Every structure is written in structure tokens, then in C-alpha cells.
Amino acid sequence: MTQDPMAEIRASFFVECEELLERLQDALTAIEAGDHDPETINVVFRAVHSIKGGAGAFALLPLVAFAHRFETVLDALRSGQMQPSPEAIKRFFQAADLMQDHVRAARDGTAGPANADEVLQALEALAGPPAEKPLAEVAEFQPLALVLDLDADPGIADSAEPQTAWQVFFAPHAALYATGNEPLHLLRALSALGTVETRCAYPAAPDLIDLDPEAAWLAWQITLAGEVGVDDIREVFDFVEGVCALEIGPAGGTNACTPGGQTETTQPRPAALHLPAAEAAPARASGPPPQPTLAAKAAESATVRVDLERIDRLVNLVGELVINQAMLAQSVAEAGLAPSSAVANGLEAFMMLTRDLQDSVMMIRAQPVKPLFQRMARIVREASAAIGKEVRLHPEGEATEVDKTVIERLADPLTHMVRNAVDHGLETPEARQRAGKPREGLVTLRAMHRAGRVLIEVEDDGAGINRAKVREIAISRGLIAADAVLSNAEIDALLFLPGFSTATTVSALSGRGVGMDVVRQAIQSLGGRVTITSDPGLGSKFSISLPLTLAVLDGMVVQVAGQKLVVPLSSILETAALTQDDIRALGPQTHVISVRGAIVPLYDLGTELGFRQPRSSYDGSIVLFCVLDNGSSAALAVDAILEQRQVVIKGLQKAYGHIPGVAAATILGDGQIALILDPADLVRSATGHTRAIALALAG
Amino acid sequence: MTLTVLAVDDSRTMRDMLKLSLSEAGFTLHLAEDGVHGLEVLADISPDAIISDINMPRLDGFGFIEAVRAQAKHRTTPILVLTTESAPELKARARAAGATGWIVKPFDPPKLVKALHMVAG
């Protein structure tokens with residue numbers, strides 16, 4: 001861990017930016033909802049301000065420039081010069097989105113958003129003329145320390161080149177002391193510039209009884225010799241400008257020194273002035289020993305940034321532990337020990353601990369879906385603006401936590417679904433009005449935990465699925481027969497067929513080709529399912545059900561030709577024992593099964609995996625009905641169903657690349673390795689042979 | 001000799017940078033996240049100097065500085081203000097609240113150290 005500390009801070013800056021952007025969105029949403037608390041506007045301001053501050057430290061100039069202009073407008077809002085009109089709020093949201101783009105661009109080193117200027121100009125127009133900060137300041141905003149306001153005296157400005165001798169008169173006002181400044185430090189700083197001769201001018205000593213100890217009594221006359229510019233001298237007095245009388249001039253001019261002063265040459269001889277300095281400083285430091293306070297400690301340990309790879313390693317190790325524990329349980333069972341034995345009891349406690357440990361580790365990877373939902377809010381804003389619909393996004397259950405990888409991989413399908421809801425789901429404002437609905441459409445984004453899975457729903461209050469139209473299109477595309485009898489749910493499911501698109505004209509939003517079939521595939525690859533429900537006139541709802549994690553899955557352990565295999569439970573619709581009546585021959589080598597009037601192709605798992613030749617009869621064999629990507633199903637014949645259990649997923653991709661039909665592998669309780677199948681993928685490349693070729697055998 | 005410094009800033013990035021710059025320069029640093037937190041931390045320590053941001057939740061920099069100055073033991077504790085703007089009126093307000101000096105963000109670590117020594121010895 002010998003990383004560059006600045007790189008570390010930079011990385012954590014971008015993490016902080018994401019948090020600030022989230023806060024910014026929240027506050028804007030609150031303002032949009034009618035929150036007029038000045039503190040809410042302050043939150044918005046501070047978020048932008050903090051990003052600007054950090055960005056400056058890393059010289060992220062485009063981000064700084066954008067944040068600066070945004071902040072200037074927000075300042076107008078904060079001061080009441082500008083009103084949070086709906087138009088302004090819309091622009092603020094756009095600016096917040098652009099800010100996010102700028103942050104990402106800065107982080108990834110890519111080009112920033114192109115339309116930033118347009119939004120800023122619109123905001124600046126709304127804010128009215130800038131109060132006092134000219135925008136030109138942006139251009140000169142450079143990572144510079146100590147910007148000095150050097151209103152140099154006109155007479156001295158011309159002679160800015162280093163002089164060899166200076167005369168400085170310095171008389172503090174009371175305010176200098178009141179603001180915590182210390183003339184001693186200033187004089188010492190001055191002495192560091194060159195050889196100084198310092199004379200203290202003190203007034204005629206007042207009676208002690210009249211002495212105001214807090215008034216400023218002393219003044220100094222300093223002669224400075226050395227190659228020093230006037231700016232260097234002014235820099236020393238930067239903090240005290242305005243709270244002292246300061247005169248700087250070339251030496252040899254009129255001596256402004258008050259008579260009665262005392263003279264000390266500070267160099268080369270040790271000066272009297274140095275002595276108190278040397279003593280005062282250690283005295284200051286020898287106060288109470290520095291002890292980090294509890295509060296300060298708490299602030300620092302609130303979060304820890306950990307490399308994701310380390311967490312993955314931990315997740316993997318816990319996975320191993322789960323497997324190991326299952327093996328141990330099996331050994332104990334085989335040893336025939338009584339369930340009340342100490343070993344069995346201990347093992348039970350061990351199992352519970354393992355489960356807790358697994359849950360805790362999974363929780364580290366879990367993140368709230370809020371950032372994802374906020375991204376969707378932006379999609380809704382952009383999509384609705386592009387096609388002139390009025391849409392409000394209502395998020396629910398933003399705090400629901402889901403595995404980080406799942407969140408990342410959910411972004412694309414969810415984006416597509418939200419766009420679809422805005423584009424196809426909701427009607428135009430006019431059509432809504434005619435239907436007696438508010439002009440503004442509502443898209444609800446919901447997340448919740450249910451039965452050990454995460455449920456995410458995208459619901460709109462639009463017209464619902466036009467089933468007659470869907471049916472018509474499906475027939476015209478040859479997806480279903482013209483006389484097919486389909487239930488409502490079956491018609492709705494047609495939307496998931498590859499290439500299906502209900503928009504007769506391809507709109508700018510939903511585009512062409514990428515349809516709900518891609519969404520379905522993406523979600524299935526996460527071990528999830530997507531379903532659709534719709535009420536005509538009331539709207540449609542897409543529900544995504546996902547596993548909590550990608551590290552373990554619920555699987556059915558089956559036996560095929562003496563091998564144990566795992567089929568993900570999420571892909572199994574039902575299981576059945578076949579009778580000869582269910583099976584029909586189709587063509588020379590394949591069989592189909594008739595289930596409740598539907599015809600489903602039969603695949604022999606043993607044959608497809610190359611374990612054996614097709615069987616002569618499937619009477620009495622067990623089949624798993626698996627759901628395929630296109631919504632249809634396939635029947636996989638297996639020898640036996642052994643058990644249903646959670647298995648730890650061990651990837652094979654790294655070692656073997658993609659194996660058709662195989663998703664991953666796992667280690668079972670008995671130590672055996674079992675492949676985890678991907679039925680949809682398996683069927684795609686399957687031969688479908690369930691019968692040995694009679695002719696070939698005869699010949 | 002080590003100087004003890006209390007730095008108050010609501011931005012984690014700024015706190016990290018202050019921590020890095022000042023620890024490297026040998027300062028003992030205490031951190032706080034806003035004005036209220038800053039006052040809490042200050043109750044237990046006697047820093048040689050204080051650095052404070054202006055824009056902060058709960059209690060901003062001006063309020064924090066005024067509250068610090070109101071405490072007898074911190075009447076002359078040097079306080080540097082961290083600002084992104086070098087506008088004169090901002091400095092005037094900071095000074096009116098009792099600030100000793102100011103540092104413009106983003107700061108250059110050696111200059112920050114120099115400024116600290118300038119006000120705290």
C-alpha cells in the first residue's frame with residue numbers, strides 16, 4: 001500500500017463528489033416539492049462549492065469553471081435575488097446533471113459535456129446580472145496559494161524591482177491584536193528577508209493606572225537591507241493590512257522614527273528581539289500534550305475506503321468456508337454421530353455463525369439503490385424533455401440495498417425500461433387530459449426486499465399495453481399464428497420477443513432494435529426475472545426480481561448419467577415426471593412434450609452434455625421446464641432431482657473461457673465439483689437429439 | 001517543536017489534504033467537520049492555530065470564529081480562514097468576525113505552512 005497519497009485523496013475526492021451530487025439532487029428535489037427552507041438552498045450551494053474547492057486542488061479546470069458559474073447563480077438564489085421558479089428549478093436540475101458529467105469527465109480524463117454553456121447561460125439569464133463577481137474571474141482561477149491584494153502605493157509600484165535597503169514603519173492598531181495577530185511573528189518574518197535593524201517606538205509611558213492593556217501602544221521602525229522586493233515585504237503584512245499603519249519606502253528617505261526608540265541589530269549579532277521569540281514559541285508548544293479527542297477520532301473513522309478486490313477476496317473466502325462447513329456436516333452425518341453429540345451441537349453453532357458471517361460479508365458489498373434511482377431521475381428528465389411530455393418520477397424504497405455489481409449491471413436495462421415507460425407507456429399530455437388524467441404522467445420506481453430477493457418495479461400511469469396492437473404486430477412479424485389463442489399475460493409477454501417494438505414510428509428515445517428482449521436477457525444474466533402486468537387505461541408495471549447477490553444462488557441439484565449438476569432455481573418454471581402419453585416424436589431424432597395443450601421441445605441433458613447416447617424411452621423420466629430468453633420454455637430430461645440448496649458460485653470464465661450451456665461451477669457438500677448450468681444458453685447450442693438414429697443403428 | 005492545529009472543513013477532500021500537508025510538515029492536527037463540531041473538539045484541546053472553512057453546515061466559518069473569539073482562552077488564538085474567493089468584502093467579514101488571516105483554496109502546502117508560522121510562530 002505505498003500509493004501516492006495525493007492519488008488516494010483524489011480518488012476519495014471523486015467519491016465525495018458523488019455524495020455531494022446526491023445531496024444536491026435531494027435538495028433540489030425538496031425545493032421542487034416546495035421546500036423553502038434557506039438551509040436547503042444552502043445545502044445546494046455548499047455541495048457545488050465543495051466540489052469546486054476540491055476540483056481546484058487537483059487543477060480540474062473545466063469542472064472548476066463550471067462549478068464557479070453554477071455557484072454564482074446559486075448565490076443569487078441564496079440571496080433572494082432569484083426566485084426558485086419551475087423554470088429555474090428545471091435548469092438547476094439540468095445543471096446538476098451537467099455537473100455530474102463534468103465530475104465523471106474529470107475523473108475519467110474524458111471530454112466534458114458539450115451543452116454546458118447553454119444551460120449556464122439560461123440560468124445566468126434567470127439570475128439576472130451578476131452581483132459583484134465578474135465571470136472573467138473564472139479564467140484566472142488558477143491553483144494558486146495566497147492570492148494577495150496588493151494595492152501597492154503608486155509611488156512604489158514603479159520601483160518594484162528589488163532594492164537593497166528598505167525603511168518600514170509599522171504601527172499596529174488594537175484590531176491587529178484583537179484578530180489574533182502577533183507583531184513579533186511579523187518582525188521575525190521580516191528578519192528572514194534580510195538584515196534588519198528594528199527600533200521600537202513607544203509613547204511617553206502613561207501612568208499604569210491609565211494604561212489600557214488592550215490598546216496598541218507600540219510601533220516599530222525597521223531598516224531592512226538585502227535584495228528584497230516591495231511585494232515580499234507587503235506579503236509579510238498581508239494579514240494585517242487595514243489593522244495597522246504601514247509605510248514602506250526606500251531607505252535613506254525621511255526617518256519617520258520616533259525619538260526615544262531603542263535600537264538592536266538583529267544580524268549578524270543575536271538580537272534582543274530574537275530572544276523572546278525563541279522563548280515564547282516553545283512555551284506555547286509545551287501546553288497540554290496533544291491528545292486526539294473522541295470527536296475528532298469519530299469523524300475520521302466514519303468510513304473506510306477499501307479496494308473492491310479485497311472485498312471480493314473476502315466474499316470468496318467466506319464462500320469457501322460455506323463449502324467447507326457443508327463438507328464437514330456431511331462427514332459428521334456419515335460418521336453416524338448422535339444429533340445430540342457435542343460435535344453435532346458444535347457444528348450447528350458453526351453453521352449459524354457461517355451464515356451470519358456470509359450475510360455480513362454480503363452486506364459490505366450491498367449499496368442502496370438511491371444513486372441508481374437518481375440516474376433514472378435524470379433519464380426521465382431528459383427523455384420527457386426530448387419528446388415534450390410532462391413526467392414526474394416517484395422513487396420508493398431508495399434505501400433498499402443491493403449488491404454493488406448487481407446495481408452496476410442493472411443500470412442499462414433499467415434505463416431502457418424507464419425510457420420505455422416515458423416514451424411508450426405514458427400518453428401525451430393532451431391524450432391524458434382527454435382521458436381525465438392529470439397532464440403530468442407519473443413513473444414510479446420502486447425497490448424492496450421480498451423473500452430473499454430484491455424486487456424492482458417500474459410502473460407508469462399511462463394507457464397500459466394496447467393488446468390488440470401488440471397482437472397485430474406479433475402476427476405481422478410472424479411471431480405468432482394469426483389464429484393463436486393467447487391469454488392477456490401471454491400477449492404482454494410478446495413484448496419480450498426479440499425485435500419486438502410497439503412504436504410504429506421509431507422515436508428518438510427508444511431507438512430501434514434494442515427492445516425488451518435485451519432487457520430480459522440482461523436481467524436473466526444477473527439471475528433475475530422480469531415480468532409485466534398491465535391494466536388498460538391505468539398503466540403498466542414491469543417487475544424485476546433479482547437475487548441479493550451474485551456470489552451464491554439457489555439451485556436445484558440434479559443427477560444426470562451419474563453426474564451431479566446444478567440448475568439455477570430462477571430458470572426453472574416447474575418439474576414433472578413424464579408418462580409415455582406426454583411424449584410425441586417429431587422428426588427422426590427429436591421429441592416434444594405436450595403439457596396442458598402447449599408443445600415444448602424435449603432435450604436430454606445427458607446427451608446434450610455428451611455424457612451418453614439418447615435414451616430409448618423417456619417414460620417415467622423427470623423433466624425440468626426451463627424458461628428461455630425468448631419467453632418460451634424447454635424441457636430438460638434428468639435422471640433424478642437430488643436436492644434444492646444454496647450454492648457458492650465459482651467462476652470458470654477465467655480458466656476456461658465461455659463454455660456453452662455452463663454458467664459456472666460450485667463445490668457441493670461432499671466435496672464434489674458440480675457444474676452450474678445455464679439452460680437458456682444450453683438450449684441455444686443444443687442438438688435436440690433425443691432419439692438415436694434408428695437407421696444408423698440398423699445399418 | 002510541534003504546533004497543534006485545529007482544522008475545520010466540511011469537505012472530506014479538504015480535510016484529507018490539510019491532514020496530508022500539515023502532518024508532513026510536522027504539525028499535530030485535529031479535524032472537525034463543521035463549526036459546531038469544531039467547537040466540540042476545541043473544548044478538549046488548546047491549539048496553537050485554527051484553520052476554518054467558511055461555507056459549512058450547522059455553523060458556518062464566521063459563526064465559528066465569533067464563537068471561538070468569545071472564549072477567553074481563545075481571544076488571541078490565530079485563526080486562518082480557508083476561502084475559495086479572495087474578495088475584499090469576504091476578508092473584511094472574516095476579519096470582523098475575528099479571523100487573523102486567510103488562505104485561498106486551493107492552497108499550496110508550503111505556503112499554508114508558512115502562513116501558519118507567520119501567525120503562530
Side-chain angles (χ1 to χ4, degrees), chain A residues 5-6 8-10 12-13 15-17 20 39 42-43 45-46 49-50 52-54 56-59 132-133 143-149 175 177-182 184-186 188-189 236 238-240 242-243 277 280-282 284-288 290-296 299-300, chain B residues 1-4 10-17 20 28 30-33 37 40-41 43-46 48 53 55-57 69 74-80 82 84-89 91-92 95 98-112 114-115 117-121:
Chain A
M6 276 311 278
E8 282 266 315
I9 295 177
R10 190 185 150 102
S12 97
F13 163 65
V15 173
E16 189 185 13
C17 276
L20 290 167
E39 178 54 24
N42 265 326
V43 169
F45 181 85
R46 275 199 306 269
H49 185 79
S50 291
K52 175 178 136 182
F58 300 104
E132 77 284 353
K133 265 185 273 176
L144 243 181
L146 288 170
V147 171
L148 305 165
D149 296 333
Y177 300 103
T179 52
N181 277 290
E182 171 56 67
L184 176 62
H185 300 319
L186 300 175
R188 283 172 73 211
V236 169
D238 179 37
F239 292 161
V240 295
V243 285
R284 212 186 265 271
S286 65
Q291 275 175 347
T293 65
L294 273 179
E300 285 166 51
Chain B
M1 80 202 168
T2 359
L3 287 183
T4 302
D10 61 329
S11 158
R12 196 168 63 226
T13 306
M14 270 309 148
R15 290 199 301 273
D16 284 349
M17 299 207 42
L20 179 68
T28 303
H30 297 270
L31 292 166
E33 292 177 9
H37 187 199
E40 285 164 12
V41 174
D44 301 327
I45 59 173
S46 297
D48 300 304
D53 186 22
N55 282 293
M56 295 186 289
R69 280 280 175 259
H74 294 302
R75 284 189 65 200
T76 60
T77 304
I79 305 175
L80 293 182
L82 268 178
T84 39
E85 262 77 43
S86 56
E89 68 272 9
K91 288 185 186 176
R95 180 178 274 160
T100 309
W102 41 84
I103 302 153
V104 176
K105 282 193 280 192
F107 60 87
D108 175 34
K111 293 205 178 170
L112 171 65
K114 194 173 154 196
H117 283 303
M118 189 89 89
V119 294

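Order of the sequence lines fixes the chain letters, A, B, ..., with proteins taken first and strands second; residue numbering starts at 1 for each chain. Predicted, not measured: the structure shown is a model, and the values here were computed from it.
- For B:R95, the side-chain hydrogen bond (donor to acceptor under 3.5 Å, both in side chains) criterion is met by no residue, not counting sequence neighbours.
- Shown here are the ring pair (Phe, Tyr, Trp, His ring centres under 6.0 Å) partners of A:F58, two or more places apart in sequence or in another chain: A:F13.
- With a 4.5 Å cut-off on non-hydrogen atoms, A:N42 does not touch chain B at all.
- Remark: side-chain polar atoms of B:T76 are not paired, donor with acceptor, to backbone N or O of A:G180 under 3.5 angstrom.
- Here the shortest heavy-atom pairing between B:R69 and A:T179 reads NH2-O, 3.0 Å.
- Nearest approach of A:H185 to B:A120, heavy atoms of both residues: NE2-C, 3.4 Å.
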Verdict with supporting geometry, A:E182 and B:V119, side-chain contact (heavy atoms from CB on, under 4.5 Å): CA-CA 7 Å; A:E182 171 56 67; B:V119 294; over 6 Å; no

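- Among the candidates A:L20, A:V15, A:I9, the single residue satisfying the side-chain contact (heavy atoms from CB on, under 4.5 Å) test with B:T13 is A:I9.
- A:V243 touches chain B through backbone and side chain together, each having a heavy atom under 4.5 Å away.
- Per-residue counts of heavy-atom pairs under 4.5 Å with chain A were compared for B:A43, B:P57, B:P110, B:P109; the largest is that of B:P57.
- Here the straight-line distance linking atom CZ of A:R46 with atom OG of B:S11 works out to 12.0 Å at 0.5 Å rounding.
- Taking B:D53, B:N55, B:I79 one by one and counting their heavy-atom pairs under 4.5 Å with chain A, the maximum is reached by B:N55.
- Just one residue in the list B:M14, B:R12, B:R15 forms a side-chain contact (heavy atoms from CB on, under 4.5 Å) with A:E16, and that residue is B:R12.
- Heavy-atom distances place the side chain of B:L80, and not its backbone, under 4.5 Å from chain A.
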